[in-house]
Every structure is written in structure tokens, then in C-alpha cells.
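Structure, as C-alpha cells:
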Amino acid sequence: MQIVHSIQLHSGSNEENLPGFTPDFPYIASRAELDHYRDFFVPWHWHKAVELFYMESGEIRYHTPGGTEVFPAGTGGMVNSNVLHKTEILSRTEENVQYLHIFDPVLIAGAYGNLIEKKYVTPLASASQLELIRLTPDVPEQAEILTMIRQAFRLDENEFGYEVRLRDALSQIWLKLLALSSSAIKQDGTVPDRKSDDKIKTMMIYIHDHFAEKISVRDLASVAFLSERECYRVFQSCLHMTPTEYLTSIRLQMACRMLAETRESVTGIGHACGLGSSSYFGKTFREHTGYTPLEYRRKWQDNDKS
């Protein structure tokens with residue numbers, strides 16, 4: 001099991017990089033120690049893999065295009081395949097630990113296009129209305145699934161047959177989730193419309209690649225073949241913020257990373273992140289983080305790098 005203190009995004013996109021996730025066994029288990037994360041949130045991102053999780057301690061809030069859900073200790077849930085999501089850490093004064101099973105649904109299906117995928121995997125994995133499933137111990141059927149999620153972490157990866165037992169455990173959890181969600185899943189076999197998700201991801205990738213440059217709403221709309229009005233609508237619908245607010249958030253995330261991990265000057269970082277002069281950078285940075293750039297650097301760099 002990996003101990004995680006931050007997430008990594010693929011260069012050129014906001015798709016999460018999952019170290020150790022391989023085609024021959026597309027699964028990783030993580031213990032996310034959220035109280036050690038540098039920031040109070042995990043930025044908007046996505047991954048093809050499904051994310052099954054259990055909150056061991058602390059509290060976290062998930063954001064998806066469809067809304068928000070809070071998960072205190074003892075609860076858990078599932079983030080569906082390719083769903084945009086962002087998390088906020090609600091407590092940093094105590095231990096805040098989240099356990100995660102992250103896996104490609106093909107691990108359960110066995111192969112693309114076969115009967116198991118069509119009958120059991122695709123109906124849940126492609127249900128656009130099921131971005132996030134919340135599980136609480138107060139509901140017996142959900143409490144059973146939470147117990148199954150926790151027990152799957154106890155399997156010994158060094159024991160003979162581990163991969164088979166793990167796949168079986170995830171399959172049983174999947175069947176329970178499918179039954180729990182059956183009333184919300186479309187029964188007509190149509191493919192959910194995720195055009196807005198595709199458009200927002202295209203624009204997010206463009207921002208990730210060009211955040212240091214001057215970017216207008218017209219530029220973003222053009223990349224996704226949208227009108228400026230539709231560009232605003234898609235950002236509000238999917239990320240609940242304006243294009244400019246998202247662009248600023250990415251620039252600040254990059255600035256935080258550079259302040260913590262490099263010795264580049266504050267002036268240099270401001271320009272490199274598209275935040276302009278040191279005075280404007282300092283003002284914007286403090287408004288959003290509560291720290292000046294130098295205070296943030298001192299907080300997160302070792303004394304010999306201060």
C-alpha cells in the first residue's frame with residue numbers, strides 16, 4: 001500500500017498520474033494522509049480508474065460537476081470513471097486519513113466488450129448521473145459495503161493468490177454497488193451525454209499548458225469550439241466557477257509548488273506563473289492562501305532552503 005501526501009497530474013493535463021498502476025494489473029491501494037498535504041484541497045482532476053474510498057479519520061468534502069458531498073470518518077464511497085472531482089480537507093488539526101482502492105473497471109470485467117463488461121460493469125461505470133456514490137454506516141446495505149471495502153485492504157499482497165482474491169473482493173463490492181444504484185441507472189441502454197465534460201477537460205488541458213501566457217475567454221472558447229457564452233456556462237456547470245477564477249487557481253497552484261520546491265525568486269515565480277509583477281503576485285497570493293509568498297516558502301521549505 002502506498003502512503004500518499006500529495007497527488008501528481010500528468011504533464012499537459014489534469015488527469016491524475018497513478019504511480020504503480022500498470023496494464024497487466026490496473027490497481028493500486030493508497031493510504032492518503034490528508035493532514036500532511038501542503039494545501040487544503042486536491043485540485044480538479046480525473047482518471048479513468050474508479051476510486052473506492054473509506055474515511056478512517058478526519059473529514060473531507062468532494063466536489064463534482066453535480067454537486068458536493070461531505071465524508072466524515074466512518075463513511076466512504078465511490079468516484080466513478082472519468083469523473084471530474086476536487087476534494088477539500090476540512091480538518092488539519094487532527095489525523096485525517098483516507099484509504100483508497102483505485103482500479104480500472106476492466107480488472108473486474110476481465111476483457112473489453114465481453115458479457116461481464118456489458119451486463120455488470122458498463123451500466124455502473126458509464127452512468128453519468130452517478131458521479132459520486134456516498135456510503136454511510138447508518139444504512140445497513142451501505143454499511144455492509146463499507147465493511148467489504150475495509151476488509152479488502154487487509155488482504156496480504158505477498159500471499160499466494162492475492163491478485164485473484166483482490167479481484168474477487170472488488171467484484172463483490174461492485175455487484176453490491178450496482179444493486180444499490182439500480183434505480184438510478186438508465187435502463188434503455190443509451191450512452192450518457194458527457195459533451196460538457198469533454199469540453200471542460202479540453203479547456204483545462206489548454207490552461208495547464210499555457211497558464212504562464214495571457215489567456216482570454218475567447219482563447220478558451222476557441223479551443224473547445226464554443227461561443228464565449230457557452231464557455232462560461234460549461235465552466236459554471238462543471239467546475240462551479242468562471243474561466244478566470246479557474247485560471248487564477250491553476251496559476252496559484254503552480255506558484256505554491258515553485259515556492260515550496262525551488263529557490264526561484266518571488267519575482268521570477270510571479271512571471272513564470274502568469275501572475276505578473278511581484279506586488280500583484282504577492283497581493284493575489286495572500287488573498288487566496290492567507291500567506292505572503294515568502295511566508296509560504298518558509299512554511300514548506302526546509303530551513304536550509306529558506
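All values below were derived from every heavy atom in this structure, side-chain atoms included, with hydrogens, water molecules and symmetry-related copies excluded. As the structure is a prediction and not an experimental result, all values here were calculated from the model.
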Parallel, tilted or perpendicular, as decided by the 30° and 60° cut-offs, for the rings of Y162 and F25: tilted

Side chains of E51 and Y62, donor plus acceptor under 3.5 Å: yes

Partner residues of N114 under the side-chain hydrogen bond (donor to acceptor under 3.5 Å, both in side chains) criterion, sequence neighbours left out: none

Shortest non-hydrogen contact between R297 and E264, atoms and distance: NH2-O, 2.7 Å

Geometric class of the H85/H47 ring pair [parallel <30°, tilted 30-60°, perpendicular >60°]: perpendicular

Check: Y296 ring centre within less than 6.0 Å of F285 ring centre: yes

Y99 ring center within less than 6.0 Å of Y54 ring center: no

Over all atoms of both residues, closest heavy-atom pair of P72 and M55: O-CB, 3.5 Å

Donor-acceptor pair, side chain of H240 and main chain of F235, under 3.5 angstrom: no

Over 12 non-hydrogen atoms of neighbours within 6.0 angstrom of OH in Y120: no

M1 with I173, same ILVMFWY side-chain cluster at under 4.5 Å: yes

Residue pairs involving residues 221-235 (criterion side-chain hydrogen bond (donor to acceptor under 3.5 Å, both in side chains); sequence neighbours excluded): S196-R233, R218-E228, E230-R233

